[in-house]
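Encoded as structure tokens, the structure appears first; notes follow it.
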Protein chains: 2
Amino acid sequence: MELYLERGFGQTTVAQIAERAGVTERTFFRYFTDKREMLFDGSERLQQLMVDAVAGSPADATPLDSIGTALDAVGSVFVDLTRSRTRQVIIDSDESLQERELIKRDRLATAITGALRDRGVEEPVASLAAQTGIGVFHVAFASWIAPGNTLGYAEIARNLLAELRIVTNGS
Amino acid sequence: MELYLERGFGQTTVAQIAERAGVTERTFFRYFTDKREMLFDGSERLQQLMVDAVAGSPADATPLDSIGTALDAVGSVFVDLTRSRTRQVIIDSDESLQERELIKRDRLATAITGALRDRGVEEPVASLAAQTGIGVFHVAFASWIAPGNTLGYAEIARNLLAELRIVTNGS
DNA sequence: AGCACCGATGTCAGCTGCTGTCATCACGTA
DNA sequence: TACGTGATGACAGCAGCTGACATCGGTGCT
């Protein structure tokens, strides 16, 4: 991330990263499938947390309730505000990184859809709830790292979900 | 597309494509920014059509009405069913192509948001309507190329939008 | 006709991302 | 000590992509 900030993502070579990390280029590619993936390291963990939260939500919870527990569950991941901000600056500066971010979000939504379906939620409600949930998640994250914000991620997510409930009026 | 089907996208080299097309590799890269972009050739046109449709929709149209005209406007693009199907088979077979497709959809949504805002639609309604519109567009396209479907794209899109209106109940 | 211009294409060299393969090395265990 | 085993290095090589320059065919002007 230091290097990406100094020279930009596109101008940074894997050889440089490897050198700074004190390993070989070959070793870098054993840890990350490609140059971009490095910036999305925690994404499987994030996905697992949300899926587990949905799976573990109360039996009588509505789909949107389940989404709520998932949004809560990932609070532990988003703690280092500065790091998240720099990371986002880098991603926003490079189109191929945005592509990667979008597919991560997409996979996340698909995984949550599956978790909801496993609880007996039918289509298209499962997909709809999952998509909406990821949408809220995204907006919450963006608000959290927005300049001037002082609230914590969990709080923001809860507020947004409450607002969404009002807009959609129930359920 | 022939080559992609024969050997798969990943196994097809640009040199092979260029040869089949009777040009040089260098020439290929003058027409397409990269190997993937070839499959998304008409996307600017599609985007322009939708943006223009939104811009040209009646002054008293609701945001969702404007989206409706945009969905209608692109009917002319989706005519060759067989071609669209093969194209989608290829995209679904390769992750990097899915990344590209996702960012195209994202840019499309952003463009439509802008078009709505130009008509005086405020945030967050503009974004919400645009996102929803692209969602409908996507589902409509998927239904259109689904095996066994006999309806035309325009018809499907209209039906889906009508259904959405019912679900969201008005506006 | 002759000439100058220009856009499209070819040629070539080169960097970088990424991969397969084999060697090496450190470490825990029988 | 000898033997696996997992992590790393070394090396070669392919493919995507780019910059720089040459070439060539057409178009318009004189």
Side-chain angles (χ1 to χ4, degrees), chain A residues 1-45 47-48 83 86-107, chain B residues 1-45 47-48 83 86-107:
Chain A
M1 295 226 323
E2 292 171 20
L3 286 168
Y4 287 165
L5 280 181
E6 287 172 22
R7 330 183 182 206
F9 177 80
Q11 318 315 318
T12 307
T13 110
V14 177
Q16 293 166 350
I17 303 172
E19 189 192 354
R20 174 85 54 117
V23 296
T24 318
E25 208 179 320
R26 193 64 187 85
T27 300
F28 175 90
F29 283 113
R30 277 194 259 260
Y31 281 88
F32 306 102
T33 59
D34 62 52
K35 192 182 162 191
R36 292 177 273 161
E37 196 66 13
M38 183 183 6
L39 283 164
F40 301 89
D41 201 16
S43 60
E44 321 83 27
R45 193 169 109 77
Q47 180 168 316
Q48 200 56 52
R83 184 182 180 81
T86 29
R87 198 192 84 111
Q88 201 59 38
V89 167
I90 295 168
I91 292 178
D92 290 344
S93 75
D94 186 283
E95 195 160 319
S96 72
L97 289 175
Q98 294 162 36
E99 289 187 341
R100 183 57 55 87
E101 191 180 34
L102 284 172
I103 205 171
K104 292 290 181 189
R105 281 223 293 274
D106 199 65
R107 299 279 130 104
Chain B
M1 295 227 321
E2 293 171 20
L3 286 168
Y4 287 165
L5 280 182
E6 288 172 22
R7 331 184 182 203
F9 177 79
Q11 319 316 318
T12 307
T13 118
V14 176
Q16 292 166 352
I17 303 171
E19 188 193 355
R20 174 85 52 117
V23 296
T24 318
E25 209 179 320
R26 193 68 186 82
T27 300
F28 174 91
F29 283 113
R30 278 194 257 259
Y31 282 88
F32 306 103
T33 60
D34 60 53
K35 192 183 162 190
R36 291 178 275 162
E37 195 66 13
M38 184 186 2
L39 283 165
F40 302 89
D41 202 16
S43 61
E44 321 82 31
R45 193 169 108 79
Q47 178 168 319
Q48 200 55 51
R83 185 183 180 81
T86 21
R87 199 192 84 112
Q88 202 60 37
V89 167
I90 296 168
I91 292 177
D92 290 343
S93 74
D94 186 282
E95 195 161 320
S96 72
L97 290 174
Q98 294 163 35
E99 289 187 343
R100 183 57 54 87
E101 190 180 35
L102 283 171
I103 205 171
K104 291 292 181 190
R105 281 223 294 273
D106 199 67
R107 299 279 132 101

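Computed from heavy atoms alone, side chains included, the values below leave out hydrogens, waters and symmetry copies. Residue numbers start from 1 in every chain, and the chains themselves are labelled A, B, ... in the order their sequence lines are given, proteins ahead of strands.
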Sub-3.5 Å pairs of nitrogen or oxygen atoms, protein against nucleotides 20-25 of chain D:
none

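Summarising the geometry, the separation between CD on A:Glu37 and P on C:dT19 is reported as 12 Å, rounded to the nearest angstrom. Atom CD in B:Glu25 sits about 12 Å away from atom P in D:dT18, given to the nearest Å. Separating the CZ atom of B:Phe32 from the P atom of D:dT18 is a distance of 14 Å, rounded to the nearest angstrom. Counting to the nearest Å, the P atom of D:dG19 and the CZ atom of B:Phe29 are 12 Å from each other.
Contacts of B:Arg83 classified as side chain to side chain contact (heavy atoms under 4.5 Å, CB included), with partners at least two apart in sequence or in another chain: B:Met1, B:Asp80. With sequence neighbours excluded, no residue forms a ring-ring contact (aromatic ring centres under 6.0 Å, His included) with B:Tyr31. Not counting sequence neighbours, B:Lys35 has no partner by the side chain to side chain donor-acceptor pair (under 3.5 Å) test. Applying the ring-ring contact (aromatic ring centres under 6.0 Å, His included) criterion to A:Phe29, with sequence neighbours excluded, gives no partner residue. For B:Glu99, the side chain to side chain donor-acceptor pair (under 3.5 Å) partners two or more places apart in sequence, or in a different chain, are A:Arg36, A:Arg100. Residues that satisfy the side chain to side chain donor-acceptor pair (under 3.5 Å) test with A:Arg45, not counting sequence neighbours, are absent from this structure. With sequence neighbours excluded, no residue forms a side chain to side chain donor-acceptor pair (under 3.5 Å) with B:Ser43.
The two atoms that bring A:Phe32 and A:Met38 nearest to each other are CD2-CA, 3.6 Å, heavy atoms only.
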Donor-acceptor contacts under 3.5 Å from residues 9-17 of chain A side chains, at least two apart:
unit_1  : atom_1 : unit_2  : atom_2 : d
A:Thr12 : OG1    : A:Leu3  : O      : 3.4
A:Thr12 : OG1    : A:Gly8  : O      : 2.7
A:Thr13 : OG1    : A:Ala15 : N      : 2.9
A:Thr13 : OG1    : A:Gln16 : N      : 3.3
A:Gln16 : OE1    : A:Thr13 : N      : 3.1

Anything under 3.5 Å between a donor and an acceptor, one on a side chain of residues 19-26 of chain B, the other on a protein residue two or more places apart or in another chain? List them.
unit_1  : atom_1 : unit_2 : atom_2 : d
B:Arg20 : NH1    : B:Glu2 : OE1    : 2.5

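Here A:Phe28 lies out of heavy-atom contact (under 4.0 Å) with every strand.
For the segment residues 7-20 of chain B, no residue has any heavy atom less than 4.0 angstrom from an atom of DNA chain C. The stretch residues 89-107 of chain A does not touch DNA chain C, since none of its heavy atoms comes less than 4.0 Å from the strand.
Look at B:Thr24 and you'll find a side-chain N or O under 4.0 angstrom from OP1 or OP2 of C:dG10.
Considering only side-chain atoms of B:Lys35, the nucleotide from D:dC17, C:dG10, C:dC18 that sits closest is D:dC17.
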